[in-house]
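Have a look at the structure below before the remarks.
Convention: sequence-line order gives letters A, B, ...; per-chain numbering from 1.
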Amino acid sequence: MEYNHQEVEKKWQKHWYENKVFAAKDFSDKPKYYSLVEFPYPSGAGMHVGHIRAYSSLEIVSRKRRMEGYNVLFPIGFDAFGLPTENYAIKTGIHPRKVTDQNIKIFTEQLKQTGFSFDFDRTVDTTDEDYYRWTQWIFIQLFKNNLAYRDKTYVNYCPSCKVVLSNEESQGGKCDRCDTEVVQKEKDVWFLKITKHAERLLQGLKNLDTLPRIKIEQENWIGKSSGAHVDFKVTNTNTSLKVYTTRPDTLFGATFMVIAPEHPIIEEYKSTIKNYDALINYKEEAKKKTEFERVELAKDKTGVLIDGLTAINPVNNKEIPIFVADYVMIGYGTGAIMAVPAHDTRDYEFATKYNLEIIEVIKGGDITVEAYTDTYEGILVNSDILNELTVKDAKEKIIKFLEEKNIGERTTNYKMKDWAFNRQRYWGEPIPIIHCDKCGMVPEKEENLPIRLPVVDKFEPAEDGESPLANIEEFVNTTCPVCGGHAKRETDTMPQWAGSSWYFLRYTDPKNNKALADFDKLKYWLQVDWYNGGMEHVTRHVIYSRFWHQFLFDIGVVPCEEPYKKRTAQGLILGSDGDKMSKSKGNVVNPLEIIEEFGADTLRLYILFIGDYEQSTPWNASGVKGARRFLDKILRLKEKITTSNEFSKDLKIIMNQTIKQVSEDIENVKFNTAIAKLMTLVNEMVKQESVSRKDYETILKLVNPFAPHLAEEMWEQIGNTEGLVFEQWPTFDKDSLVDTVIEIAISVNGKVRDKISVNLNTTKDELQALALASEKAKQFIEGKEIRKIIVVPKKLVNIVV
RNA sequence: GCGGGUGUGGCGGAAUUGGUAGACGCGCUAGAUUUAGGCUCUAGUUCUUAUGGAGUGCAGGUUCAACUCCUGUCACCCGCACCA
């Protein structure tokens, strides 16, 4: 019998989607389950195998949950603002709206062809006016709560195209389109004050159920450290330089200071500094260095001594020099450091190069050779009041000392920076702020939202790094919502991270036009029970969305502080050559071709069977056939079923084992072993003369989440009228997991020599006797003295000779 | 450099409160069915100089017993990267 996958799959897809079988029901009495997968960017290339892997995990979980009696919300949507569509629009002149709609349509079709159990009625599209209206609304709330502000930053700028470039467009320091050297241009842009939430974002991780590395990556991104601020008086001025240090205990070893090239003190004391020009030169040179060069040159420290300013080490009143060097970053800490060359590799290199004093303050190393940095413990020397103290005690003592003398204080610092929230592009949410000469920056009235993207024919960015919107007079010119006078709209648009920072909220109430979502619905559905997505989004996207969520919680819009209960991440599918799939390498697998030839069930099954879900694995074209064979075997089993509603005697144990393992493996993201166990069971069933109806129905239920089309079809063919979607998930009998007869290994000196079948309840003594009676074991015992016999019930007997 | 992870047959990968290494799939070999191919079925498939011996990146250690624990070391992957 040939299985016509095309016909069968179409039939069930039609049934599911036309009858809205997967619709989530608000306020159902069933327990709710919210499974969330990262929504795709609807590119023209459509769905690839990576998408299928990304969605399959929670597809399996969601289908299982429905069978376990949950009311499941498993939605999908589109993160559709972004560069590729915009670039396509620039090239072809076709409006991004059109392109986006087209791509979404195709993508949706492809998702349905794969048989995903999404609730397609809740689909959101971040570029939809009814959606970005609320993205803009959130921005206004952030602005009103002083969490959105404007400040200067450096952006990647192509002087030839006169356009601001994203990091992706300026890789290697060259403009993606014209290959011109990219420069750093100073620009006034929007920032979101995510740093205000640094500690909460860190604390919120405590209750997140996730892999250690996912947690650690976020922790590193937030980058909390504790130390102290210390003020160093600057001679000939009445000011001081504030530094941040995690090692205030080494203060007596601070023999010079280094400030970042952009540090404001240079401008401030321009007239006192004798070599101002040299410093400005250095700053310009530093700015020109691409990121690449900065890393490459990391070993070769450069800097310029400030002539005219020196500093006083506050603990010993020594006068020390101040340098400008680009190994100190303006964006971290205070942009100035106290250099302790004896115990910091960078300071040591710098000191050696410029012949500066190096004072050892922690015993144990040889500072004539290299910096001694293994100093988390240790004893202080050359440090006056700190001498003989441990590092830990010295830290406490010096911080107290600094605080008493009013020259410093205990400080916690975070590596995370505020979120630069801007793009100078057309295809993004307009930032709903109005610039009025009289009233300053004013948010648009909420009833006027959305601020729509004007419909135009040209999408190219304006010159000098301005947004394309800046050229559109009807858009720019407006009236001030406060004074009614003439004013101008903000023309920057939001970055792609905006729409994706709250999309999971909209799924709970996607058509609401009074609020981003109804509070009671949010209360019913949140938190997201399980969120799966790419490892690459674990820091930025997850942290950004958590930040927005915490903020929305603070203003009473959402019912919980943290959005996600559990987070997992899938591994990449590589090309069959082991490289990342890419068009240029020609190793891209088109999932639709496989659906066509083998069916969606086969593809889904293979993608989950391919390897550990959280690890990256190469594609293997012939492996697909194995998945299909497994399905064919299930199909053929139908011919052998009896009417019995009990498990077959010979299958009872393995049936129960399989139910247990498959159920557990799914929860533990071990889809590959779940499928392996199902294959083992099916192989066993194939060997039987006949299988009972219950055997067969059970395997269909277990296979259903993985290969739902085939499962539904066979379920129907054996006479069931209700579909499988809400059938009850099988349960196992824990007394039927182990056979009464088991195999025991007999080993001599740890090497297995024989295997015997014994009754499960065979006693230790009996096992020992059986082992000694084994002919095969005897050969290895003969003529030797038995020194010890170890009997592990149900496992093995080890005879030591 | 720092942090995390991985290393097991020809390939993807199973197995860690220490207890029969290689489940499951691919590939391969032989046979059956077939006009042939495909499909399907049966048997086999870690290596080997084969009644034995060796074997989970490498070198040691603990143990009756180690893929699993400990010490050292190498390789690869991911993330961060002059973070003070």
Side-chain angles (χ1 to χ4, degrees), chain A residues 2 211-221 223-225 227 243-247 250 254 258 260 291 294-295 297-301 325-329 331-340 343-347 349-350 373 413-417 535-536 538-539 571-572 574 576 578 605-606 609-612 614-627 629-630 632-633 636 670 672-683 686 743-755 776 779-780 787-801:
Chain A
E2 184 53 26
L211 289 177
R213 63 176 178 145
I214 291 178
K215 214 171 265 197
I216 289 166
E217 252 183 54
Q218 293 193 48
E219 282 166 3
N220 291 346
W221 177 267
K224 183 179 182 174
S225 67
V243 302
Y244 171 71
T245 175
T246 55
R247 296 304 300 269
T250 63
V258 186
E291 235 171 89
R294 275 183 101 126
V295 176
L297 300 172
K299 295 256 146 50
D300 184 28
K301 301 268 175 296
D326 64 359
Y327 80 89
V328 171
M329 306 289 139
Y332 183 76
T334 61
I337 64 159
M338 62 177 213
V340 183
H343 305 288
D344 181 286
T345 314
R346 296 153 301 173
D347 297 344
E349 282 168 22
F350 196 84
T373 57
N413 198 56
Y414 299 90
K415 204 154 81 180
M416 188 168 70
K417 293 183 195 121
M535 198 59 208
E536 68 276 21
V538 154
T539 47
L572 287 177
L574 307 171
S576 46
L605 201 64
Y606 176 65
F609 184 64
I610 193 169
D612 187 307
E614 295 174 308
Q615 221 82 44
S616 54
T617 334
W619 182 264
N620 177 354
S622 52
V624 176
K625 280 189 279 183
R629 272 178 208 155
F630 167 69
D632 285 338
K633 284 183 196 171
R636 274 184 255 116
K670 298 288 176 202
N672 54 337
T673 51
I675 293 167
K677 189 70 185 174
L678 287 168
M679 287 173 166
T680 309
L681 171 63
V682 167
N683 289 343
V686 166
E743 198 178 58
I744 293 279
I746 298 170
S747 56
V748 179
N749 283 355
K751 291 200 174 84
V752 177
R753 299 303 184 182
D754 198 5
K755 292 172 185 182
K776 285 184 189 158
Q779 293 174 28
F780 296 90
R787 302 182 56 165
K788 204 174 185 184
I789 299 177
I790 288 129
V791 182
V792 184
K794 298 177 192 179
K795 297 270 185 190
L796 54 68
V797 180
N798 188 18
I799 303 164
V800 187
V801 299

Q) Whole-Å distance between G79(B) P and Glu217(A) CD? A) 8 Å
**Q.** Integer-rounded Å distance: G5(B) C1' and Ile216(A) CD1
**A.** 10 Å
Q: Round to the nearest Å and state the distance from Glu614(A) atom CD to A14(B) atom P.
A: 11 Å
Q. How does each nucleotide of nucleotides 18-27 of chain B score, in 5' to 3' order, for protein heavy atoms under 4.0 Å: base (B), sugar-phosphate only (S), or none (-)?
A. -BB--BBSSS
Q) Do Glu349(A) and Tyr327(A) have side-chain heavy atoms sitting under 4.5 Å apart? A) no
Q) Base, sugar-phosphate alone, or nothing: which one does Asp612(A) contact when heavy atoms must sit under 4.0 Å apart? A) sugar-phosphate
**Q.** Residues forming a side-chain contact (heavy atoms from CB on, under 4.5 Å) with Glu536(A), sequence neighbours excluded
**A.** none
Q. Does any non-hydrogen side-chain atom of Ile337(A) lie less than 4.5 Å from one of Asp344(A)?
A. no
Q.
Could you tell me how far apart Glu536(A) (CD) and G4(B) (P) are, to the nearest whole angstrom?
A. 21 Å
(Q) Any carboxylate oxygen within less than 4.0 angstrom of a Lys/Arg side-chain nitrogen, looking at Lys670(A) and Asp612(A)? (A) yes
(Q) Can you build the contact string for nucleotides 42-53 of chain B? Use B for base contact, S for sugar-phosphate-only contact, and - for no protein heavy atom under 4.0 Å. (A) ----------SS
Q | Stems formed with participation of RNA chain B [Watson-Crick or G-U wobble, under 3.5 Å, three or more pairs] | A | B:1-7 with B:74-80, B:10-12 with B:24-26, B:27-32 with B:40-45, B:46-48 with B:52-54, B:57-61 with B:69-73
Q: Drop me the distance from Thr250(A)'s OG1 to His343(A)'s NE2, to the nearest 0.5 angstrom.
A: 7.0 Å
Q: Would you mind reading off the distance between Ile214(A) atom CD1 and G5(B) atom P, rounded to a whole angstrom?
A: 13 Å
(Q) Nearest 0.5 Å, please: how far is OH in Tyr244(A) from OG1 in Thr246(A)? (A) 6.0 Å
Q) For RNA chain B, whose closest nucleotide is more 5', that of Trp221(A) or that of Ala336(A)? A) Trp221(A)
Q: Please report, rounded to the nearest Å, how far the P atom of G4(B) is from the NZ atom of Lys215(A).
A: 15 Å
Let me have the donor-acceptor pairs involving side chains of residues 747-754 of chain A, under 3.5 Å, with sequence neighbours excluded, atom names and distances please.
residue	atom	partner	partner atom	Å
Ser747(A)	OG	Val797(A)	O	3.3
Ser747(A)	OG	Asn798(A)	OD1	3.1
Asn749(A)	OD1	Val801(A)	N	3.0
Asp754(A)	OD2	Ser774(A)	OG	2.7

**Q.** Which residue lies more 5' along RNA chain B, comparing Tyr332(A) with Ile610(A) via nearest heavy atoms
**A.** Ile610(A)
Q: Ignoring backbone atoms, test whether Tyr244(A) places a side-chain nitrogen or oxygen under 4.0 Å from the OP1 or OP2 oxygen of A84(B).
A: no
Q | Length of the CG-C1' vector between Asn220(A) and C2(B), whole Å | A | 9 Å
Q. What's the spacing between Ile744(A) CD1 and Lys795(A) NZ if we round to 0.5 Å?
A. 9.5 Å
Q: Would you indicate what Ser616(A) reaches in the nucleic acid, counting non-hydrogen atoms under 4.0 angstrom: base, sugar-phosphate, or nothing?
A: sugar-phosphate
Side-chain atoms of residues 617-626 of chain A: list all donor-acceptor pairs with protein atoms under 3.5 Å, sequence neighbours left out, distances to 0.1 Å.
residue	atom	partner	partner atom	Å
Thr617(A)	OG1	Arg53(A)	NH2	3.4
Thr617(A)	OG1	Gln615(A)	O	3.4
Asn620(A)	OD1	Ser622(A)	N	3.1
Asn620(A)	OD1	Ser622(A)	OG	3.0

Q. Is Lys633(A) close to Met679(A) at the side-chain level, that is, under 4.5 Å between some pair of heavy atoms?
A. no
